[in-house]
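Okay, so here's the structure we're looking at.
In what follows, chains carry the letters A, B, and so on, assigned in the order in which the sequence lines appear, proteins first and then strands, with residues in each chain numbered from 1. All figures in this text were calculated on a predicted structure; none of them were measured in a lab.
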Protein chains: 2
Amino acid sequence: MTSHKEESLPSVSSAEWEVIETLWDNGPLAARDVFAALPAGHGWAYKTVKTLLSRLVAKGAVDYQQVGNSYLYRAVYSRDQMTHKEVKGFVERVLDGASLPILARLIEREDLSDDQIADLRRLLAEKERKSLGKEERRPR
Amino acid sequence: MTSHKEESLPSVSSAEWEVIETLWDNGPLAARDVFAALPAGHGWAYKTVKTLLSRLVAKGAVDYQQVGNSYLYRAVYSRDQMTHKEVKGFVERVLDGASLPILARLIEREDLSDDQIADLRRLLAEKERKSLGKEERRPR
DNA sequence: ATCTATAGCCTACGGGTGTAGGCGAAGTCA
DNA sequence: TGACTTCGCCTACACCCGTAGGCTATAGAT
């Protein structure tokens, strides 16, 4: 239950997102270690990663703590917070508020354990109970 | 049931998306009518809309038919196709690490009609049927 | 005390995007 | 048959983004 009311989380580009993911996955890291931790294969130069880190800092998505002559970079917001912001924006921008398509796609495509499936079904059942009777129609 | 196998649909920016939406919603339109049909309040100049239409044409997302001295613009791909592509890209870009929390949050917080809820439950039920017995654990 | 590898800082450059303006051709009204 | 209006085409410009390189200070190695 992360609190509601996160309004202006910084918005990060997609390369930046890859970088900040390494921080979410590995905790605070020096630039060099971020570089090392990135999934090999994207082919970025170290300098590129540095630039991305700096931009993330400039945007307030990442901060750092000086350790010796270098920085330990750390994600300011949780993955959950940032992801939710992105999802919300996406749902509004592309899906016109209709979250059904993305939900359906996620359900179809994700590996979900039986437990997880059960949890989601429980959530849906509860929601249905609470909402019986409201109709919502979007054109075409 | 949109067919699978749409690979390289053009990718449109978010302003462009708003424009092409008016074409999906209203069928082929002249630039002027696109402008008029846009939800009032975004504050674009007519020229801006023209630019966006031209860019959409350049990208192959929109084409036109000349009628008199002006064009009737028309979306080349269906909303469904384009939306699908966007959802796919988004899910890959942002949600690859942590889709479960997002699923849960979306289900809890979004408005879903009863029909939609039923659809999702159906999807989950089917998935559960297919996956019974496999255990899949993803880290954190 | 020097030298060198590395850190962070600042700069770059080409393409995309938001947001238009200018211009010449063509249709419309008087 | 002019005077406007409107079209589409081309251009602009600042900012973001992907993708780095150069410069300078400093931490370690010798």
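Between the CG atom of Leu53(B) and the C1' atom of dG18(C) there is a distance of 15 Å, given to the nearest Å.
Nucleotides of DNA chain D with any atom under 4.0 Å from a heavy atom of chain A span, from 5' to 3', dC17(D) to dA27(D).
Among residues at least two apart or in separate chains, side-chain hydrogen bond (donor to acceptor under 3.5 Å, both in side chains) pairs with a member in residues 46-56 of chain A are Lys50(A)-Tyr73(A).
By the 4.5 Å heavy-atom criterion applied to side chains, Glu16(A) and Lys59(A) are counted as neighbours. A 4.5 Å side-chain heavy-atom check between Leu112(A) and Glu128(B) finds every atom pair outside the cut-off.
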### Task
Mark up nucleotides 2-17 of chain C, 5' to 3', with B wherever a protein heavy atom is under 4.0 angstrom from a base atom, S wherever such an atom reaches only the sugar-phosphate, and - elsewhere.
----SSBB--B----B
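Below 30°, between 30° and 60°, or above 60°: for Phe90(B) and Phe90(A) the angle between ring planes is below 30°, a parallel geometry.
Checked against salt bridge (Lys or Arg N to Asp or Glu O under 4.0 Å), Asp63(B) has the following partners two or more places apart in sequence or in another chain: Arg74(B). Taking the side chain to side chain contact (heavy atoms under 4.5 Å, CB included) definition, one finds that Ala61(B) meets it with Pro10(B), Val12(B), Ile20(B), Leu56(B), sequence neighbours left out. Under the rule for a salt bridge (Lys or Arg N to Asp or Glu O under 4.0 Å), Arg32(B) has no partner lying at least two apart in sequence or in another chain.
Not one N or O on the side chain of Thr83(B) forms a donor-acceptor pair closer than 3.5 Å with the backbone of Asp80(B).
Heavy-atom nearest nucleotides on DNA chain D were determined for Thr48(A) and for Gly68(A), and the one closer to the 5' end corresponds to Thr48(A).
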